[in-house]
Amino acid sequence: MIDVRRLRTDLEQTKAALARKRVPADEVERAAALDAAARRLATQADELRARVKSLSRQVGEAMKAGRPEQAEALRAESKQLGDDLAVVEREATGVDATLRDAMLRLPNIPADDAPDGASEAGNVVLRTVGFDPARYGPHNRVPHWDIGNELRILDLERGAKISGSMFPLFRGGGATLARALCQLALDRNSDAFTEVRPPSLVRTPVLEAVGQLPKFADDAYHIERDDLWAVPTAEVPLTSMRAGEVLAEDELPLRLMAYTPCFRREAGAAGRDTRGLLRVHEFDKVEILSVCTRAQAPAMHEEILNRAIGAIEALGLPYRVLDICTGDLGQSHARSFDVEVYAPGCDMWLEVSSVSWFSDYQARRAGIRYRPVGGGPNQICDTLNGSALAVPRVWAALVETYRQPDGSVALPSCLHPYFRGATSIAGSLAT
RNA sequence: GGAGGGAUGGCAGAGCGGCCGAAUGCGAGGCUCUUGAAAAGCCUUGGGAGUGCGAGCUCCCCGUGGGUUCAAAUCCCACUCCCUCCGCCA
């Protein structure tokens, strides 16, 4: 969440900044008013409590001095104040909870240099690399769901039989490819990032820390009986790994990566782009993430973007990079770059990575701070992350791009080490 | 799942219901002594909030949330987590 103090010192500026994310001004004003009320009540409660404490001390002293009647009088007075205090505290607790909820729902302030725009139409294409429509023959203009059936490497019907639609089932070389892509991503980033294999089911505060809750509860799978949530991305457990801790500045930046399954209900997107692997409820992804100082953030953002792009380049897929406009920026995001790959079979650009800077929005929620080397008060960290590689859409673009005239799928050389000697996916491998 | 034990500051570890935000030790930082270092001695050393121009003042935090009390780290209840043992199990 954003710093409440902003609402006290820079209310107008904050309203203007959030207006770029289409947040109505009265929502911000409401939070500011709640904050003022909360502080007023806190001061009132503090004063009452201070008097109760001081009177209580005097009760003890009077008893010790053998003046029971005086002790009794002080005790009665303190009791009365205590009752008053209880009333104020009850009110304060209520206001605090309302304020907290309002703050959790306010999105992050967008970065100054994020482009303005009302919707995804306002996103800016920064560059397009390797895209040449003339290079594709008719054998490439086959959508991956058809290729998947043909080679028996993607079986959406069986997936649906088991779990419902949008739960893909890969088999044979298709399954190997899905796993190989993850392994490739982990291997490519192991030079600088520590691999983590976190739990896939998390508690409510963990999902709250990244900004998914309370606002977007419908998008996540929730296991009622145990009150656990299935992670929509490894960003969720990784961000909370050091939650509530004060880190030493010299241990920053933290660089973490994790392979996890990702679960998304896609409640708001029902029916859109749902063919094949374009949008699924469960998929595998390797995420890279950093916890760092504000000063380290810009370079880290650049680095994570380059790493995301690097994997796509290694796979030989055309891609483009988008600068996400304020109207399309997620709740927690200050600035995001999306990487999209071109899929010739369905003739679409598919988002395969979103590389984002969250400023201190998530870290404040998660309570991740660092102790500055030169001394001074503890600072809230910044967090950044991006997909190193998300399987289904890359799988789709790759299969379409590398389909040969004979129907087989050639494998780019960087994947050969993961294929037990094979260099293509053909019928024989696909049984 | 069952039975026990535990949770206190960076760590270890005390803590009769009142003067405990908390002894003591270690660690860390500063100073003295020393050519330098070690040793020794002295001092400092948690986090958060409110308020004030400021020195400051006030409040909250002893796993979490409730309760009892004039007063709770200390008593009561619930929950969470950790440890030991039993059971079950990939």
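Proteins come first, then strands; the chains are lettered A, B, ... in the order of their sequence lines, and each starts at number 1. Every heavy atom of this structure was used, including side-chain atoms; hydrogens, water molecules and symmetry mates were not.
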In whole Å, measure the gap between the [atom1] atoms of [N] and [M] for me.
N     : M     : atom1 : answer
B:C11 : B:G66 : C1'   : 32 Å
B:A37 : B:G30 : P     : 12 Å
B:A55 : B:G41 : P     : 35 Å
B:C42 : B:C79 : C1'   : 47 Å
B:A22 : B:G46 : P     : 10 Å
B:G65 : B:A7  : C1'   : 16 Å
B:U44 : B:U24 : P     : 11 Å
B:U32 : B:U74 : P     : 44 Å

When you check the phosphate oxygens OP1 and OP2 of [N], does a side-chain N or O of [X] lie under 4.0 Å from one of them?
X       : N     : value
A:Arg51 : B:C70 : no
A:Lys53 : B:C60 : yes
A:Arg49 : B:A71 : no

Sort and list the pairs that fulfil ring-ring contact (aromatic ring centres under 6.0 Å, His included) and have at least one residue in [range], not counting sequence neighbours.
range                       : answer
residues 8-35 of chain A    : none
residues 227-265 of chain A : A:His222-A:Trp229
residues 161-191 of chain A : A:Phe167-A:His281, A:Phe170-A:Trp395

For the pair made of [atom1] in [X] and [atom2] in [N], what is the distance, rounded to whole Å?
X        : N     : atom1 : atom2 : result
A:Leu48  : B:A71 : CG    : P     : 13 Å
A:Glu61  : B:C70 : CD    : P     : 18 Å
A:Ile380 : B:A49 : CD1   : C1'   : 13 Å
A:Glu69  : B:C70 : CD    : P     : 18 Å
A:Leu85  : B:U69 : CG    : P     : 15 Å
A:Gln80  : B:U69 : CD    : P     : 15 Å
A:Met63  : B:G17 : CE    : P     : 14 Å
A:Asp96  : B:G48 : CG    : C1'   : 14 Å

* side chain to side chain donor-acceptor pair (under 3.5 Å) involving A:Thr98 - partner list, sequence neighbours excluded -> none
* **Set of ring pair (Phe, Tyr, Trp, His ring centres under 6.0 Å) partners for A:Tyr370, sequence neighbours left out** => none
* Asked: How close do A:Val355 and A:Ala308 get, heavy atom to heavy atom, and via which atoms?
  -> CG2-CB, 4.1 Å
* Structure fact -> The answer to which of A:Arg5 and A:Gln58 contacts RNA chain B further toward the 5' end, by nearest nucleotide, is A:Gln58
* Structure fact -> Of A:Leu55 and A:Thr93, the one whose closest nucleotide on RNA chain B sits nearer the 5' end is A:Thr93
For residues 24-39 of chain A, which side-chain donor-acceptor pairs fall under 3.5 Å, sequence neighbours excluded?
from, atom 1, to, atom 2, distance (Å)
A:Glu29, OE2, A:Lys15, NZ, 2.4
A:Asp35, OD1, A:Arg8, NH1, 3.0
A:Asp35, OD2, A:Arg8, NH1, 3.1

* For RNA chain B, find the residues of residues 70-79 of chain A with a heavy-atom distance under 4.0 Å and give them by number; none if there aren't any. => A:Arg75, A:Ser78, A:Lys79
* Structure fact -> Expected list for residues 27-47 of chain A near RNA chain B, using heavy atoms below 4.0 Å, is A:Arg39, A:Thr43, A:Asp46
* Evaluate the criterion salt bridge (charged side-chain N to carboxylate O under 4.0 Å, His left out) for residue pair A:Arg264 and A:Asp219; output intermediate values, then yes/no. => CA-CA 6 Å; A:Arg264 300 184 179 183; A:Asp219 294 330; over 6 Å; no
* Take A:Glu251 and A:Arg242 through the test salt bridge (charged side-chain N to carboxylate O under 4.0 Å, His left out) and record every step on the way to the result. => CA-CA 12 Å; A:Glu251 105 178 90; A:Arg242 305 296 293 271; 3.3 Å; yes
* **Duplex segments of RNA chain B, taken as runs of at least three Watson-Crick or G-U pairs that stay under 3.5 Å** => B:1-7 with B:80-86, B:10-12 with B:24-26, B:27-32 with B:40-45, B:46-51 with B:56-61, B:63-67 with B:75-79
* Could you work out which one of B:G18, B:A71, B:G48 sits closest to the side chain of A:Asn378? => B:G48
* Please indicate whether A:Asp227 has more than 12 foreign heavy atoms, meaning atoms of other residues, nucleotides or ligands, lying under 6.0 Å from its CG. => yes
Check the side chains of [Y] and [X] for a donor-acceptor pair under 3.5 angstrom, ignoring hydrogens and angles.
X        : Y        : answer
A:Glu235 : A:Gln362 : yes
A:Ser359 : A:Asp382 : no
A:Arg6   : A:Thr14  : yes
A:Thr260 : A:Lys285 : no

* **Residues which pass salt bridge (Lys or Arg N to Asp or Glu O under 4.0 Å) with A:Arg105, listed by chain and number, not counting sequence neighbours** => A:Asp101
Between N or O atoms, less than 3.5 Å apart, protein on one side and nucleotides 74-83 of chain B on the other: list the pairs.
from, atom 1, to, atom 2, distance (Å)
B:C81, OP1, A:Arg203, NH2, 3.2

* **Pair A:Cys414-A:Leu184, side chain to side chain contact (heavy atoms under 4.5 Å, CB included): steps then yes or no** => CA-CA 8 Å; A:Cys414 65; A:Leu184 174 74; 4.1 Å; yes
* Under a 4.5 Å cut-off applied to non-hydrogen side-chain atoms, are A:Val87 and A:Glu91 in contact? -> no
* Asked: Do any N or O atoms from the side chain of A:Ser240 and from the backbone of A:Pro237 form a donor-acceptor pair under 3.5 angstrom?
  -> no
Can you tabulate the close N/O pairs, meaning under 3.5 Å, that link protein atoms to atoms of nucleotides 63-65 of chain B?
none

